[in-house]
Amino acid sequence: MAVGATSADPQQWFLCRAGMRLLALPLSCVVETMRALPLEQLAEAGGFIGGVSIIRGAPAPVVDAGALFGEAPMMRRRLVAIDAGGRLVALAVDDVLGVRAIEPDLLEGLPPLLHGAAGDVVSAIGILDGEFLLRLEAGRLVPETALAGPNATGSAP
C-alpha cells in the first residue's frame with residue numbers, strides 16, 4: 001500500500017463490457033488490450049474457453065466473458081490480455097471502456113445466493129452509474145486443468 005494510502009482510497013479498475021454485463025478487473029492484472037485475434041478452436045476446451053490465440057508469440061487461452069456468464073459463445077471484438085496467476089490469458093469482450101477509480105466500499109462481497117456463480121470468478125458486485133458491476137478474479141478465469149493442457153483432462157495425446 002502506498003505511503004499515506006488508506007483502505008478507503010479508491011482503487012484503479014479496468015472496465016469492459018461483455019454482452020449486457022459491466023465487468024471490472026484490477027488494473028494491476030491487465031497486460032494489454034487488442035482487437036480480436038485469430039482463434040484456434042480446441043475440442044477439449046468447450047464451455048467458456050473459446051480456444052487459443054497467439055499473443056506476442058505465445059499461445060494463450062481465450063475466455064469468452066459472455067459465455068462465462070451463460071450467454072451463447074460468440075466472436076467478441078476485443079481481447080484483454082491479463083496476468084492470471086503468472087500465466088497469460090485473454091478475456092474476449094465486446095467493448096473496452098477504460099480505467100476508473102472505484103471506492104472500495106462500492107464493491108461488496110457476493111450475497112450467499114451468488115457464491116459459486118460462474119465458477120467462483122466473480123468476487124464482488126456493486127452498482128456503478130446505476131448499472132451492476134461484476135468484479136472478476138483474474139486468477140480464476142481459467143481452471144487449472146485447462147491451463148495444464150489437454151492431457152490434464154484425461155484426453156489422449
Nearest heavy-atom approach of Ala81 to Met34 is CB-CE, 3.8 Å

List the steps, then state whether side-chain contact (heavy atoms from CB on, under 4.5 Å) holds for Phe14 with Thr33. CA-CA 11 Å; Phe14 179 85; Thr33 66; 3.4 Å; yes

By salt bridge (Lys or Arg N to Asp or Glu O under 4.0 Å), Asp95 pairs with (sequence neighbours left out) Arg77

So Arg21 and Leu68, side-chain contact (heavy atoms from CB on, under 4.5 Å) or not? Walk me through it. CA-CA 11 Å; Arg21 289 177 177 78; Leu68 190 62; over 6 Å; no

Exercise for the section: Check whether Leu97 and Leu128 end up in the same hydrophobic cluster, where Ile, Leu, Val, Met, Phe, Trp and Tyr are linked by side-chain heavy atoms less than 4.5 Å apart. Expected result: yes

Show me the donor-acceptor pairs, under 3.5 Å and distance only, between side chains in residues 48-59 and residues at least two apart or in other chains.
residue, atom, partner, partner atom, Å
Ser53, OG, Pro38, O, 2.8
Arg56, NE, Glu32, OE2, 2.7
Arg56, NH2, Glu32, OE1, 3.1

Q. Among the clusters formed by ILVMFWY side chains lying less than 4.5 Å apart, do Met74 and Val96 turn up in the same one?
A. no

Distance col, row Arg78:CZ vs Leu37:CG, nearest 0.5 angstrom, shows 10.0 Å

Residue set satisfying salt bridge (Lys or Arg N to Asp or Glu O under 4.0 Å) with Arg35, at least two apart, ordered chain then number -> none

Separation between CG (Leu15) and CZ (Arg100), nearest 0.5 Å, reads 7.0 Å

Nearest heavy-atom contact between Val62 and Ala92 is CG1-CB, 3.9 Å

Rounded to the nearest 0.5 angstrom, the CD1-SG distance for Ile82 and Cys29 is 5.0 Å

For this session: Verify the cluster assignment for Val99 and Leu136: are they in a single hydrophobic cluster under the rule of side-chain heavy atoms below 4.5 Å apart?
Result: yes

Quick one, Trp13 with Leu133, criterion side-chain contact (heavy atoms from CB on, under 4.5 Å). Give me CA distance, side-chain angles, the key distance, then yes/no. CA-CA 11 Å; Trp13 295 93; Leu133 173 71; over 6 Å; no

Taking every heavy atom of Ala18 against every heavy atom of Gly66, the minimum-distance pair comes out as CB-N, 3.8 Å

Between the CD atom in Gln12 and the CG atom in Leu25, the distance rounded to the nearest 0.5 Å is 13.5 Å

Show your reasoning for whether side-chain contact (heavy atoms from CB on, under 4.5 Å) applies to Arg76 and Asp94.
CA-CA 5 Å; Arg76 308 275 174 196; Asp94 294 316; 2.9 Å; yes

